[in-house]
Amino acid sequence: MVRTRFAPSPTGYMHIGNLRTALYAYLTARRNHGVFILRIEDTDQERNIPESLAAIYKSLKMAGLTYDEGPMKDGGYGPYVQSQRLPIYQEHAQRLLAKGDAFRCFCKKGDPSEEEESPSRRDPCRFLTQADIAEKMEAGEAFVIRQRIPDSGSTTFVDLVYGEITIENSQLDDQVLLKSDGYPTYNFANVVDDHLMGITHVMRGQEYLSSTPKYNLLYDSFGWTVPEYVHLPLIIKEDGSKFSKRLGDPSFEDLVKMGYLPEAILNYIALLGWSPGTDQEYFKLSELEEIFSIDRINKSSAAFSFDKLTWLNGEHIRAMTLDEFHTLAEPYYPEPLAGFNTTKISELLQVRTEKFTDIPGMVDFFVQVPEYDAEMYRHEKSKSDLDTSLDILKAVTPILDNLDPWNNDQLFQTLKAFGKEKSYKTGTVMWPIRTTLSGVMATPGGATALAEILGKEETLKRIKAGIEKLEAA
RNA sequence: GCCCCCAUCGUCUAGGGGACCAGGACGUAGCCCUUUCAAGGCUAAGACCGGAGUUCGAAUCUCCGUGGGGGCACCA
């Protein structure tokens with residue numbers, strides 16, 4: 001039975017790299033009909049942010065990554081919050097102490113021996129006698145528990161993505177397992193918990209690659225078998241630098257606020273470091289659940305491209321039903337738009353929207369025509385200039401005034417016929433109408449679509465305004 | 001500094017010894033369609049980091065170099 005886990009620490013937001021780790025772990029579980037677990041790694045008392053637990057749940061829910069076991073969803077391996085597992089780490093640390101694979105260190109954080117160049121092993125406390133230790137403990141000195149790394153030899157492990165990796169033990173330091181506040185470090189807790197929770201595939205960022213041998217040494221000390229390791233390539237920016245929230249790069253929830261669909265974001269990041277091996281790029285989560293495989297994960301870091309995400313977002317938008325799109329688009333419509341048939345507007349918008357946040361700027365003119373230059377009536381491709389525009393606007397006014405019913409099809413047929421009669425290109429007729437109706441160079445939908453939505457009265461009003469503008473020009 | 005990892009178009013990638021004068025996608029440019037802009041269709045430009053080897057044959061294997069990234073916390 002495959003068991004994977006996503007083990008975020010509560011930082012308050014979902015980093016894009018973490019989301020991908022979660023996604024891959026989730027997909028690996030689903031693909032293999034296994035179990036996906038959520039574990040909270042809150043072992044840093046200083047960095048804990050209370051409300052960030054809620055943020056994790058919310059993000060996962062928004063992403064659609066449902067977990068089978070986790071806090072408040074016990075699967076028999078809990079608790080799933082590390083701060084609630086302190087006795088477990090204590091007990092395991094004692095076992096290591098007893099075996100001699102760990103030792104107490106009484107050095108203080110700023111001690112010179114702590115500042116040495118790495119590996120900062122050869123810790124003086126390594127060689128403390130039982131009597132020394134007893135004495136210091138008697139005196140109530142604070143201590144941490146460190147892992148005792150063998151002086152010689154090397155440790156080899158196999159990563160499912162990176163292959164076989166060997167590191168000399170001399171390169172490893174006697175890392176802290178238990179802090180002086182009694183909390184475990186990540187280095188210790190992840191090993192204990194991954195084993196106790198029966199994790200079969202440890203999936204995490206590539207930054208853990210070089211500390212993995214230390215974890216393996218721990219597994220060995222406990223006599224446990226090591227899990228499969230799946231280290232994931234980093235996600236970077238297009239300029240090659242790190243993708244980081246602190247440097248202003250968006251988190252998952254930021255991207256959603258920027259107008260990206262969660263499923264499009266998931267789809268996009270699935271492709272950052274993994275490839276299906278086919279030409280397909282548009283995926284729903286459910287499809288990924290069926291085809292994701294670890295052996296198609298890449299080794300090299302991938303740059304996050306907003307351009308491609310934006311495109312994919314558009315693909316997801318276009319794949320929706322009109323109803324779905326309308327529901328999502330509506331909150332982005334400016335208040336005064338409520339008087340119009342917004343469903344019709346959505347229909348025009350769906351094929352042109354890349355991000356939802358673009359919507360307000362695309363529909364502003366419905367509410368009010370912006371200031372624009374009369375030169376806008378000049379359009380080479382439509383064979384339109386100021387004179388033809390004025391003539392057409394004038395000629396078309398009585399025709400539209402008498403038009404019934406007032407709908408796109410009727411408007412288009414009528415205006416097209418008018419153009420044919422007067423030997424105008426359809427575009428020459430439509431250009432000035434669309435322009436006077438909107439005042440902008442590009443609109444969702446053409447002249448007649450806009451006219452339909454604006455209604456007869458408003459359409460004629462705007463045409464009149466256009467005529468006045470052209471006469472003054 | 002020491003250790004580890006990585007290296008195909010600007011970007012994501014396919015490729016794993018002959019099917020590759022390297023395929024797809026985003027982006028870019030052009031054309032078509034057209035009631036503006038999109039969407040859609042078509043086309044174009046655009047890459048195997050360098051050098052040695054192995055081999056009849058290397059983008060693919062090996063080594064060296066170079067470049068990039070990561071790690072070396074009582075952070076995860």
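In the text below, chain A, chain B and the rest are named by the order of the sequence lines, each starting its count at 1.
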_A/K299 NZ to B/rG70 C1', straight-line distance once rounded to whole Å_ = 16 Å
*Would A/F412 pass as stacked on B/rU35, i.e. its ring centre under 5.5 Å from the base's six-membered ring centre and planes under 30° apart?*
yes
*Using the P atom on both, measure B/rU60 against B/rA14 and round to a whole Å.*
16 Å
*Closest nucleotide among B/rC12, B/rA76, B/rA73 to the A/T43 side chain*: B/rA76
*First locate atom CD1 of A/I317, then atom CG of A/L328, and finally report the distance between them rounded to the nearest 0.5 Å.*
8.5 Å
*Would you classify A/G273 as touching base, sugar-phosphate or nothing, given that sugar-phosphate means primed atoms plus P, OP1 and OP2, and contacts are heavy atoms under 4.0 Å?*
sugar-phosphate
*Is it the case that A/R20 places NZ or CZ above or below the six-membered ring of A/Y24, under 6.0 angstrom from the centre and within 45 degrees of the axis?*
yes
*Residue A/R318, side-chain heavy atoms: nucleotide from B/rG24, B/rU36, B/rA39 that is nearest*: B/rA39
_In whole Å, measure the gap between the P atoms of B/rA44 and B/rU34 for me._
23 Å
*asked:* Here's a test of your reading of the structure: between A/L209 and A/Y268, which maps to the more 5' nucleotide of RNA chain B?
replied: A/L209
*Ignoring the backbone of A/R296, work out which of B/rA14, B/rG70, B/rU36 is nearest its side chain.*
B/rA14
*Cation-aromatic face contact A/K245/A/Y13, 6.0 Å, 45 degrees*: yes
*Which of the following nucleotides, B/rG40, B/rA14, B/rC37, is nearest to the side chain of A/E315?*
B/rG40
*May I ask which nucleotide in the shown strands pairs with B/rA44, Watson-Crick or G-U wobble, both distances under 3.5 Å?*
B/rU28
*asked:* If you only use heavy atoms from C-beta on, which nucleotide in B/rC26, B/rC5, B/rC6 is closest to the side chain of A/K308?
replied: B/rC26
_Pairing check on B/rA19: which nucleotide meets the Watson-Crick or G-U wobble criteria with it, both distances under 3.5 Å?_
none
*asked:* Does the structure show a Watson-Crick or G-U wobble partner for B/rG1, both distances under 3.5 Å? Name it, or say none.
replied: B/rC72
_ring-ring contact (aromatic ring centres under 6.0 Å, His included) for A/F157 and A/Y229? Distances and angles first, verdict last._
CA-CA 9 Å; A/F157 69 99; A/Y229 287 112; 5.7 Å; yes
*Measure from the side chain of A/A302, starting at C-beta and using heavy atoms only, and say which of B/rG40, B/rC12, B/rG70 lies closest.*
B/rC12
_Nearest whole Å is fine: how far is B/rG71 P from A/I167 CD1?_
13 Å
*Which nucleotide in the set B/rC74, B/rU11, B/rG70 lies at the smallest distance from any side-chain heavy atom of A/A303?*
B/rU11
*asked:* Using Watson-Crick or G-U wobble geometry with both distances under 3.5 Å, which nucleotide pairs with B/rC61?
replied: B/rG53
*From B/rG70, B/rU11, B/rG24, nucleotide with atom closest to A/E281 side chain*: B/rG24
*B/rU36, B/rC74, B/rU11: which one has an atom nearest the side-chain heavy atoms of A/H379?*
B/rU36
_Nearest listed nucleotide, side chain of A/W311, among B/rC5, B/rA25, B/rU13_ = B/rA25
*Which whole number of Å gives the distance between the C1' atom of B/rG18 and that of B/rG57?*
7 Å
*In whole Å, what separates the P atom of B/rC4 from that of B/rC63?*
13 Å
*Would A/F356 and A/F325 count as a ring-ring contact (aromatic ring centres under 6.0 Å, His included) if you check the C-alpha gap in whole Å, the side-chain angles of each, and the deciding distance to 0.1 Å?*
CA-CA 10 Å; A/F356 285 93; A/F325 176 76; 5.8 Å; yes
